[in-house]
Q: 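Got a structure for you, written out below as C-alpha cells; questions coming shortly.
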Amino acid sequence: ESPLQRAAEVSKEHPKPDITFSYGTAGFRMRADHLDSVMYRMGLLAVLRSKAKEGKVIGVVVTASHNPVHDNGVKLVDPLGEMLQPSWEKHASELANAEDIVEVLRGVVEEHSIDWNVPAKVFIARDTRPSGVEFVKALLDGVQALGGSGRDYGVLSTPQLHYMVRCQNTEGEYGEATEEGYYNKISNAFLDLRSLCGNTGVPVIKLDGANGVGALKVKMLAKQLKGTLSLVICNDGSSGKLNEKCGADYVKLYQCAPDGMDINPGDRCVTFDGDADRVLYFYYDKDHKFHLLDGDRIATLVVGYLKEKLDKTGVVLDRGLGIVQTAYANGNSTSYAESTLGVPVACTKTGVKHVHHKAEEFDIGVYFEANGHGTALFTNDVVRKMKAVVQDTDTSTERSKAAKQVLSLIGLVNQTVGDAMSDMLVVESILHEKGWSLEDWAAVYTDLPNRQRKVAIKNRNVIETTDAERKVTAPQGLQDEIDKLVSGYKNARSFVRPSGTEDIVRVYAEADTREAADSLALAVSQKVY
Ligand code: NG1
Ligand code: ZN
C-alpha cells in the first residue's frame, strides 16, 4: 500500500462536509463542528511541506485566536517559525476542498519533486478550546498516514509553538525547543535588562488573560521573574468563557475594559488575546476615563528605545531601523514616528505575513498591528555589530551598556511572530528604564479618535482594494462615496476591506473627535452592501 493510498483510506474516517474552505489570513478558521476533515488533511500537508523542506520541522497550531470558543482553526508554521509560504496556502485550500485527495497530494508531490525517503517531522500545539483535543488526534492521523512523525506539545500559546519550530530547525541556536526552554530564554533576557537598568521598584500589573492559554502560561513565566514584576491575573479561565467580553480583541474593538477585572484609576492593565499572540495596555485616569495603549504605541515605544540605544553605541546599519504598519495604524502614531522619532514608516496589507515580510527589509524592523500583534526583527548584522561593541569597549561605558541592552532585548523578543508574553516584558523593560507610568506613556502623543465597525453582507469578496487596502477599487463608485463622506470631517480618514478571518466587511474611521469618528464609521458602513 502506497502512502497516498493509505492517506485516502484513513481519510474515510474524516469525511469532508459540504463546505468550501479557504486558507485565509490566519489559516482555516470557522465553527469547530466543520473542521475535522481539514485537520486531518493539514496533517497530511504538513508532512509534505516538511519533506519539501529537506525534513525541517513544520508546525501546526490549532487555534481560533480571539474568536468565540465554539470556533476553531488551524494554521501551518514554516521552518523559521514564520507563516506558511503563500504558494502553499493554495495547496492547503485545494486539499481541504478536494473530493479526491490523492489527486491533489500527487500534484503537490510532483510540483515540489518531493522525495518520499526524506523523513518528515511535525510539531503540534493547541489553545484551550475543548474541540482542540480531537483535532490534534485528527492531525496526528494525517501525519502518521503519510509516515511522518508528530510531536504533540499539548496546550501552548501560538507564539510558543512558533518558537519551538524555530529552535528545532536552528539546532538550539535560537533556544531550546521545550516549554521550559522558552521561559528560560525570555526570563533570563528580561532579568538581564532589569539588572543593566538598575532602577528599583516592582510594578503591579493587572492582566486580562482572555480566559485562554495566555493566562495559564503567564503564571508559569511569572515564577521565573524573581519578584521583579507582580502579576495579578484576571480572566484566567477558572470561571469565565474564552474571549467572552474579555481579551485584547474585545478591548480594542469596543474600547473599554474587559469584564472580570476590578480596576482602580492608575492601575497598569494588560490584556492578551485568546491564543496570546496579541497584547495591549490600558488604564483608567482619575476621572475614570478609559485609555488604550495599542500596538501602534508599543511599536513607537520600542522603536524610540532602540533608536536611542543605537545612537549611544554609534553603530551604523546599512538597512537601518524602520516601522511597519497597516491601514489600521492611528494617523497620529504614523506622524509621531516619522516626524518626532525620525524613523521611516512602511504600510502593508493587513495580516502578519505582509507586515513581517516588509519588516525583514530593515536591519531592525519593528512591526505592530494596531490590535497588538507584533514583534521586532533583527538581522545577524545587528547582533554582530553589538557584540563587537561589547567586546571592544570598556564595560563601564554607556556605549557598552547600550549594546548589551540591545542584545538582551533581542533575546527577549520572539522574532518568529507577535508574542503577548514576550512583548509585555519588552514594554515593561522600557517603561521601567524610563521610569514611566502608563499616563506618562500615553502623553507621548494623542491618538486620533477612531472607530471600527463590522458589516455583514452577502458576499464580502465583492469588495476589492488597493494601496495597502486603503482604497476600494470595486464595487464601482464606493470609493467616491467614501471620499465624499470623509471630506465632511476634520483630520479624517476611512477605509473598508473584507476581513480575512471573519465573514464580514471591516469599516475603519478616524477623525478629530469621538463623535466625528463614530458618525463617519456609521455613514461609511451604510454605503457597504
Ligand atoms: P482580518 O479579519 O483580515 O481583519 C484580523 C486582524 C488582523 C490579524 C488577523 C489574524 C484587525 C483589523 N484585523 O484580520 O490584524 O491579526 O485577524 O489574526 O484587527
Ligand atoms: Zn491571536
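Everything numeric here is computed off the predicted structure, so don't read it as measured data. Whatever order the structure lists them in is the order used to number ligands and atoms, beginning at 1. Numbers for residues simply follow the sequence, beginning at 1.
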Q: Regarding atom 16 (O) of ligand 1: of the candidates His354, Lys353, His373, Arg278, which has the closest heavy atom?
A: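 The option holding the nearest heavy atom is Arg278.
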
Q: Look at the N, O or S atoms of Ser65, main chain and side chain alike, and state whether any lies under 2.8 Å from the Zn ion (ligand 2).
A: yes

Q: Can Tyr445 and Ser335 be counted as having a side-chain donor-acceptor contact under 3.5 angstrom?
A: no

Q: Check the pair Asp503 / Met30 against side-chain contact (heavy atoms from CB on, under 4.5 Å), numbers first and verdict last.
A: CA-CA 9 Å; Asp503 191 12; Met30 58 171 58; over 6 Å; no

Q: Please report the C-alpha distance between Lys484 and Glu481 in whole Å, then the side-chain angles of each, then the deciding distance to 0.1 Å, and finally whether the salt bridge (Lys or Arg N to Asp or Glu O under 4.0 Å) criterion is met.
A: CA-CA 5 Å; Lys484 223 181 287 157; Glu481 305 227 51; 5.1 Å; no

Q: Could you pull out all residues at least two apart from Asp273 that satisfy side chain to side chain contact (heavy atoms under 4.5 Å, CB included)?
A: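 Side chain to side chain contact (heavy atoms under 4.5 Å, CB included) check on Asp273 returns Ser65, His66, Ala248, Asp275, Asp277, Arg278.
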
Q: What atoms of ligand 1 come closer than 4.0 angstrom to any heavy atom of Arg497?
A: 1 (P), 3 (O), 4 (O)

Q: Would you call Arg297 and Asp447 a salt bridge, using N to O less than 4.0 angstrom?
A: yes

Q: Do any nitrogen or oxygen atoms of Tyr328 come within less than 3.5 Å of a nitrogen or oxygen of ligand 1?
A: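 Checking ligand 1 against Tyr328, no N or O pair falls under 3.5 Å apart.
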
Q: Could you tell me, atom by atom, which parts of ligand 1 come under 4.0 Å of a heavy atom of Gly500?
A: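 Counting atoms of ligand 1 from 1, those under 4.0 Å from Gly500 are 1 (P), 2 (O), 3 (O).
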
Q: Examine His66 against ligand 1 and note whether any of their N/O atoms are separated by less than 3.5 Å.
A: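 His66 vs ligand 1: no N/O contact under 3.5 Å.
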
Q: Taking the minimum heavy-atom distance to atom 5 (C) of ligand 1, which of Thr326, Asp249, Thr501 ranks first?
A: Thr501

Q: Taking all non-hydrogen atoms of both residues into account, name the closest pair between Ser131 and Ala32 and its distance.
A: OG-CB, 3.6 Å

Q: Ignoring hydrogens, what is the shortest heavy-atom contact between Ile463 and Pro475? Give both atom names and the distance.
A: CG1-CD, 4.0 Å

Q: Can Lys185 be said to sit on top of Tyr174's aromatic six-ring, NZ or CZ under 6.0 Å from centre and within 45° of the ring axis?
A: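 Yes, Lys185 and Tyr174 form such a contact.
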
Q: Are any N, O or S atoms from Asp277 nearer to the Zn ion (ligand 2) than 2.8 Å?
A: yes

Q: Out of Val352, Asn371, Val355, indicate the one that has the non-hydrogen atom closest to atom 6 (C) of ligand 1.
A: Asn371

Q: Find all atoms of ligand 1 within a distance of less than 4.0 Å from any non-hydrogen atom belonging to Thr25, and give their numbers and elements.
A: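 Those of ligand 1 that fall under 4.0 Å from Thr25 are 3 (O).
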
Q: Out of the candidates Arg49, Lys53, Lys353, only one should pair with Asp78 under the salt bridge (Lys or Arg N to Asp or Glu O under 4.0 Å) rule; please name it.
A: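 Considering Arg49, Lys53, Lys353, a salt bridge (Lys or Arg N to Asp or Glu O under 4.0 Å) with Asp78 is found only for Arg49.
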
Q: Give the residue and atom name of whichever protein heavy atom lies nearest to atom 4 (O) of ligand 1, and the separation in Å to one decimal.
A: Arg506 NE, 2.6 Å

Q: How far is atom 15 (O) of ligand 1 from its nearest protein heavy atom, and which residue and atom is that?
A: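 Protein heavy atom with the smallest distance to atom 15 (O) of ligand 1: Glu369 OE2, 2.6 Å.
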
Q: Which ligand 1 atoms does Thr350 reach within 4.0 Å, using its non-hydrogen atoms?
A: 7 (C), 13 (N), 15 (O)

